[in-house]
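Following: one structure in structure tokens, then a few remarks.
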2 protein chains.
Amino acid sequence: MAIPDPLEDDLAKIGGIEGLRSLFPDDEALETLSGRFKALADPMRLRILILLAPGPLCVCVIRETLGIADSRLSYHLNVLKKAGLIAGEPQGTWIIYSLTPVGGRALSFLEGE
Amino acid sequence: MAIPDPLEDDLAKIGGIEGLRSLFPDDEALETLSGRFKALADPMRLRILILLAPGPLCVCVIRETLGIADSRLSYHLNVLKKAGLIAGEPQGTWIIYSLTPVGGRALSFLEGE
DNA sequence: TATCCATTTCATATCATTTTGAAATAGATC
DNA sequence: GATCTATTTCAAAATGATATGAAATGGATA
């Protein structure tokens with residue numbers, strides 16, 4: 001038996017299984033959202049967001065502050081960029097990264113906890 | 001060269017590398033925070049949170065709605081529980097899961113996007 | 001054009017998460 | 001106590017994410 005009898009009534013009141021399923025956003029929206037959370041789910045990436053909160057910084061300063069290898073930083077910057085949390089603006093020889101509006105909001109959620 | 005000369009001045013104004021490092025929470029806090037985001041970083045787990053938003057549900061109804069195997073659901077419920085986003089209350093033969101306050105706030109952040 | 005330097009890309013190794021199906025647990029009912 | 005059923009646990013396989021160092025890119029300057 002899938003659903004025990006005593007629960008069937010409660011379930012019916014809220015529209016049954018189909019009623020519950022209607023709560024879900026479509027798969028694409030869920031992927032986007034969970035992808036954003038995935039980007040936030042790493043201490044090194046949270047450090048990068050925290051660094052960018054006061055204002056934009058170039059890659060070299062971020063690298064020096066975090067004390068990690070170039071390629072490793074580049075990987076994490078790319079994850080954040082793909083998730084729409086930061087944006088990079090080439091400026092002469094170097095690239096300046098800053099928080100996007102979404103990135104800023106994610107960070108304030110972070111600080112609200 | 002670590003930091004290009006033209007950037008040194010800007011960097012000095014914001015307290016240098018050490019000034020930037022002082023922005024970081026300690027490692028443990030970052031682990032806790034990224035751990036919570038990790039729990040949110042999966043479409044199936046987001047579906048579970050969305051299901052529980054209107055009110056508590058038993059495991060069997062959640063399983064039937066999601067259409068996944070028992071053990072798989074149990075795994076995801078456990079991830080959410082460990083992250084403090086949901087709580088399970090045994091009630092007779094079955095177990096009733098509900099959002100915690102933190103889980104509710106995470107969900108509203110989710111919907112605010 | 002040759003060179004320099006900041007950043008990214010790539011291949012590969014390592015590590016972590018997720019899925020799957022079978023077996024265990026534990027509470028309720030007979 | 002025996003059995004039934006909802007849920008969890010476990011081990012293994014499959015999949016995905018991260019770290020690392022060497023090589024490539026591409027803009028700036030000489």
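Note that these values count all heavy atoms, side chains included, but never hydrogens, waters or copies made by symmetry. Sequence lines set the chain letters: A, B, ... in the order given, protein chains first and strands last, and positions in each chain run from 1.
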Nearest-Å distance, [atom1] ([X]) to [atom2] ([N])?
X        : N       : atom1 : atom2 : answer
Ile95(B) : dA26(C) : CD1   : P     : 11 Å
Glu89(B) : dA26(C) : CD    : C1'   : 16 Å
Tyr97(A) : dT7(C)  : OH    : P     : 9 Å
Leu73(B) : dG21(C) : CG    : P     : 15 Å
Lys81(B) : dT8(D)  : NZ    : C1'   : 9 Å
Leu80(A) : dT7(C)  : CG    : P     : 16 Å
Arg72(B) : dA12(D) : CZ    : P     : 22 Å
Arg63(B) : dT5(D)  : CZ    : P     : 13 Å

Nearest listed nucleotide, side chain of [X], among [options]:
X        : options                  : result
Lys38(A) : dT19(C), dA17(D), dT7(C) : dA17(D)
Trp94(A) : dG21(D), dA6(C), dT17(C) : dA6(C)
Cys60(A) : dT20(C), dT8(D), dT7(C)  : dT7(C)

Inset, instruction - Would you check if the side chain of Ser34(B) reaches a backbone N or O of Leu30(B) as a donor-acceptor pair within less than 3.5 Å? - result: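 At least one qualifying donor-acceptor pair exists.
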Is [X] close enough to [N] that one of its side-chain N or O atoms is under 4.0 Å from OP1 or OP2 there?
X        : N       : value
Arg45(A) : dT18(D) : yes
Tyr75(A) : dT7(C)  : no
His76(B) : dT19(C) : yes

As an exercise, state the distance from [atom1] of [X] to [atom2] of [Y], rounded to the nearest 0.5 Å.
X        : Y        : atom1 : atom2 : result
Leu85(B) : Arg45(B) : CG    : CZ    : 9.5 Å
Cys58(A) : Glu89(A) : SG    : CD    : 14.0 Å
Tyr97(B) : Ile48(B) : OH    : CD1   : 9.5 Å

Inset, instruction - Identify whether any heavy atom of Ser71(B) sits under 4.0 Å from a base atom; if not, whether one sits that close to sugar-phosphate; answer base, sugar-phosphate or nothing. - result: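 The answer is base, as Ser71(B) lies within the cut-off (heavy atoms under 4.0 Å) of a base atom.
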Inset, instruction - Using a 4.0 Å heavy-atom cut-off across all strands, classify Thr93(A) as base, sugar-phosphate, or nothing. - result: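 If one applies the 4.0 Å heavy-atom cut-off, Thr93(A) turns out to touch the sugar-phosphate alone, with no base involved.
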Legend entry - Earlier contact from the 5' end, DNA chain D, for Leu77(B) and Gly92(A):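 Upstream on the strand: Leu77(B).
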Legend entry - Carboxylate-amine/guanidinium contact Arg47(B) Asp42(B), below 4.0 Å: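 No, Arg47(B) and Asp42(B) are not salt-bridged.
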